[in-house]
Participant: 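Next up is a structure, given as structure tokens.
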Amino acid sequence: MGFTWGMRLRGASKKKIAPVMSWSESTSEPDITIPPEFQCPISIDLMKDPVIISTGITYDRTSIEKWIDSGNNTCPVTNTVLTTFDQIPNHTIRKMIQGWCVEIGSSLIERIPTPRVPLMPCEVYEICRKLSSATRRGDYEKCEEIIWRIKKLEKESEKNRNCIIENGVALVLCDCFEKFSADEKSTSILGKILSLLTWMVPIGWEGLTTLASASSFRCIAGFLRSKDDTVRENAAFLLKEILSLEETQVHAFAEENGVAAAFLKLIRDSVSSSATRSSLTAVSQMVLAKPEIASEFLEIGLVNQTVEMIIDGEDSVCEKALAVLDAVCETSEGIEEVRKNALVMPLLVKKILKVSEQGTWSSVSAILKLCKAGNASTVEEAVRLGAFQKMFLVLQVGYGEETKEKATELLKMMNTQMKLMSDDVDSSMEFKYLKKPF
């Protein structure tokens, strides 16, 4: 049964079509001609969401958006430069198309539903204004009503979500969170704000600074100990973002609110890969920003837990775990604790070039710190595990200069040990990739 496409069929793939659908005589369906005014000038398809642009021409929203997103700034029909990219729904044409679909009554034609109009920046601005005003008044119910609306709009489409992110909603939500953070009765609205902020990244310095206040930080740290795993995951994500500020007071708050134990528990509970990654990143940030906090982490079993993550975790988790080990090795106490776990050196060597560029950097960096702080036996262990050959590969792969410098330094340290182990390891390997000969 042959035919020429004239419109979109149920389940049919997207493609350009002709205005007439002609069926063979063996079928009972009559020929269907799509009125030209119902066709999008770009796709030649039946319009599902007709919109008018600044030149007065009507297009299907999806088609004209793709045209504009491709870098075009002219009207496809008139070639006139667009004065604005705004798109106004053409309700008249839409209703005519819907009526025509019903009138045709063919099983081949899918009735066009009334589309949801995408969120516009001016609407988002009004939402921000109302939420900001309600926040200043301390109007809990009004704030909750607006937050519920934001959540609903976000779920309607990706375009709505992007419009919300791009027009300052995150900052107003941070102010709202700060306003109610000291009120124990506001747990419900605070949890909703927490959930919304997790997809509004980057939140921005101003918003994160607001969340880094004493009351806000204490509140988020409390959510990190929630019985609801989703709430814990959201809290871990936001704390990771806040800790990236690298401000002294932030890490002091972290220490005061006992987030170290809460992060480690979240890692142990394996709530989700996302929660584990956020927690590991936050732990690295805390240890690097305030080395003395490493003692608390070490006492509650950070090294052994991190090793488990490297063994069992997916690559994205493994990368973060390797960064934690590297951070722990910044202190003598951390190095001593790392040495107690016999699996650390074998895993560090094994993961070189196996996880990611960042994972390789962390592995090489941690091995270098362990070798510098150790004795000949530490270097010998690294050599026997294949670190010598791995360093050559790192130099050949083309990683960053800092990684290459660390690999070169390690090779120099291992060279002497290689000569002593000549019976076990072929020391005749070329050193052409090193900056200086031995």
Participant: Could you go through Y140 and S188, starting from their C-alpha distance and side-chain angles, then the distance that decides it, and tell me whether this counts as side-chain contact (heavy atoms from CB on, under 4.5 Å)?
Facilitator: CA-CA 10 Å; Y140 180 95; S188 176; 3.7 Å; yes
Participant: If we ignore hydrogens and angles and just use 3.5 Å, is the side chain of D229 paired with the main-chain N or O of V271 as donor and acceptor?
Facilitator: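 Such a contact is absent between D229 side chain and V271 backbone.
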Participant: When D60 is tested against each of K48, E65, K66 for side-chain contact (heavy atoms from CB on, under 4.5 Å), which residue passes?
Facilitator: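 Only one of K48, E65, K66 forms a side-chain contact (heavy atoms from CB on, under 4.5 Å) with D60, namely K48.
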Participant: Taking atom types as modelled and ignoring hydrogens, do the side chains of Q358 and S356 form a donor-acceptor contact shorter than 3.5 angstrom?
Facilitator: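 Checked: Q358/S356 side chains show no N/O donor-acceptor pair below 3.5 Å.
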Participant: Assess, by modelled atom type and distance only, whether the side chains of S132 and R136 contain a donor and an acceptor separated by less than 3.5 Å.
Facilitator: yes
Participant: Can M391 and V364 be said to form a side-chain contact (heavy atoms from CB on, under 4.5 Å), step by step?
Facilitator: CA-CA 8 Å; M391 292 307 111; V364 172; 4.0 Å; yes
Participant: Please report the shortest heavy-atom distance between L239 and A221, naming the atom on each side.
Facilitator: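 Nearest pair, atom of L239 first, then A221: CD1-CA, 4.3 Å.
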Participant: Side chains of Y59 and C75: does their closest heavy-atom pair fall under 4.5 Å?
Facilitator: yes
Participant: Between atom CG of L411 and atom CG of L368, what is the distance when rounded to the nearest 0.5 Å?
Facilitator: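 That separation rounds to 11.0 Å.
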Participant: State whether E145 and K142 are salt-bridged, where the test is any N-O pair (Lys NZ or Arg NE/NH1/NH2 against Asp/Glu carboxylate O) under 4.0 Å.
Facilitator: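 Between K142 and E145 there is a salt bridge, with a charged N closer than 4.0 Å to a carboxylate O.
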Participant: Kindly say whether A321 contributes a backbone atom to a donor-acceptor pair with the side chain of T306 at under 3.5 angstrom?
Facilitator: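 Here the side-chain-to-backbone pair does not exist.
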Participant: How far apart are the closest heavy atoms of L46 and C101, and which atoms are they?
Facilitator: CD2-SG, 4.1 Å
Participant: Contact between L238 and I203 at the side-chain level, heavy atoms closer than 4.5 Å - yes or no?
Facilitator: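 L238 reaches I203 side chain to side chain.
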Participant: State, yes or no, whether a side-chain contact exists between L197 and F237 at a heavy-atom distance under 4.5 Å.
Facilitator: no
Participant: Do the side chains of I64 and P76 get nearer than 4.5 Å, heavy atoms only?
Facilitator: yes
Participant: When you compare the side chain of S279 with that of K240, does any pair of heavy atoms fall below 4.5 Å?
Facilitator: no
Participant: So, R277 and E314, do they make that salt bridge, N to O below 4.0 Å?
Facilitator: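 Salt bridge present between R277 and E314.
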Participant: Side chains of S226 and D228: donor-acceptor distance under 3.5 Å anywhere?
Facilitator: no
Participant: Is it true that atom CD of E206 has more than 12 heavy atoms of other residues, nucleotides or ligands lying nearer than 6.0 Å?
Facilitator: no
Participant: Is the side chain of K390 donor-acceptor paired with the backbone N or O of V349 at a distance under 3.5 Å, no angle test?
Facilitator: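 Yes; judged by distance alone, with no hydrogens or angles, the pair exists.
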Participant: Distance from M309 atom CE to I267 atom CD1, nearest 0.5 Å?
Facilitator: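 Separation between the atoms: 7.0 Å.
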Participant: So, K412 and E409, do they make that salt bridge, N to O below 4.0 Å?
Facilitator: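 Not counted as a salt bridge, because no side-chain N and carboxylate O are separated by less than 4.0 Å.
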Participant: Can you label the angle between the F223 ring and the F177 ring as parallel, tilted or perpendicular, going by 30° and 60°?
Facilitator: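 The arrangement is tilted - the two ring planes meet at 30° to 60°.
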Participant: Under a 4.5 Å cut-off applied to non-hydrogen side-chain atoms, are Q285 and S244 in contact?
Facilitator: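 When only atoms from C-beta onward are counted, S244 and Q285 do touch, with a gap below 4.5 Å.
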Participant: Any chance CH2 of W199 has more than 12 other-residue heavy atoms, nucleotides or ligands included, within less than 6.0 Å?
Facilitator: yes
Participant: Is S278 reaching over with its side chain to a backbone N or O of S274, donor-acceptor style, under 3.5 angstrom?
Facilitator: yes
Participant: For L153 versus N160, what's the shortest heavy-atom pair and its separation?
Facilitator: O-ND2, 3.0 Å
Participant: Is the closest basic N to carboxylate O distance between E336 and R339 below 4.0 Å?
Facilitator: no
Participant: So, does S284 use its side chain to make a donor-acceptor pair with the main chain of L280 at under 3.5 Å?
Facilitator: yes
Participant: Identify the two heavy atoms, one from L194 and one from A235, that lie closest to each other, and give their separation to 0.1 Å.
Facilitator: CD2-N, 3.9 Å
Participant: Are there more than 12 heavy atoms of other residues, nucleotides or ligands under 6.0 Å from atom CZ of F85?
Facilitator: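 Yes, because the 6.0 Å sphere around CZ of F85 holds more than 12 heavy atoms from other groups.
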Participant: Checking side chain to side chain donor-acceptor pair (under 3.5 Å) for the pair S133/R129: CA distance, chi angles, key distance, verdict?
Facilitator: CA-CA 6 Å; S133 177; R129 188 190 67 77; 5.5 Å; no
Participant: Locate the shortest heavy-atom distance separating K351 from T360; write the atom from each residue and the value.
Facilitator: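 Between these two residues, the closest heavy atoms are O-OG1, 4.4 Å.
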Participant: Answer whether the closest heavy-atom distance between the side chains of L82 and N73 falls below 4.5 Å.
Facilitator: no
Participant: Before you tell me yes or no, could you show the steps for T135 and D175 under side chain to side chain donor-acceptor pair (under 3.5 Å), namely the whole-Å CA-CA distance, both residues' side-chain angles and the distance that decides it to 0.1 Å?
Facilitator: CA-CA 8 Å; T135 297; D175 290 336; over 6 Å; no
Participant: Find the distance between CG (N167) and CD1 (I165) and round it off to the nearest 0.5 Å.
Facilitator: 10.5 Å
Participant: At their closest point, which heavy atom of S362 faces which heavy atom of A323, and how far apart are they?
Facilitator: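 S362 and A323 have their closest heavy atoms at OG-CA, 3.6 Å.
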Participant: Do K350 and L385 touch side chain to side chain, with heavy atoms closer than 4.5 Å?
Facilitator: no
Participant: Can you check side-chain contact (heavy atoms from CB on, under 4.5 Å) on D86 and M120, steps first, answer last?
Facilitator: CA-CA 9 Å; D86 289 348; M120 301 297 289; 4.1 Å; yes
Participant: Return the CD to CG distance between Q305 and L302, rounded to the nearest 0.5 Å.
Facilitator: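 Rounded to the nearest 0.5 Å, the CD-CG separation comes out at 8.5 Å.
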Participant: Taking atom types as modelled, find out whether N90 and T58 have a side-chain donor-acceptor pair closer than 3.5 angstrom.
Facilitator: yes
Participant: Would one find more than 12 heavy atoms of other residues, nucleotides or ligands at under 6.0 Å from atom CD of E156?
Facilitator: yes
Participant: Does the side-chain contact (heavy atoms from CB on, under 4.5 Å) test come out yes or no for L208 and I242, once each step is laid out?
Facilitator: CA-CA 6 Å; L208 290 176; I242 296 169; 4.2 Å; yes
Participant: So how far is it from I68 CD1 to T74 OG1, rounded to the nearest 0.5 Å?
Facilitator: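 So the CD1 of I68 and the OG1 of T74 are separated by 9.5 Å.
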Participant: Pick from K369, K372, K290: which one makes a salt bridge (charged side-chain N to carboxylate O under 4.0 Å, His left out) with E330?
Facilitator: K369
Participant: If you measure from CG on L190 to CD on E178, what distance do you get to the nearest 0.5 Å?
Facilitator: 10.5 Å
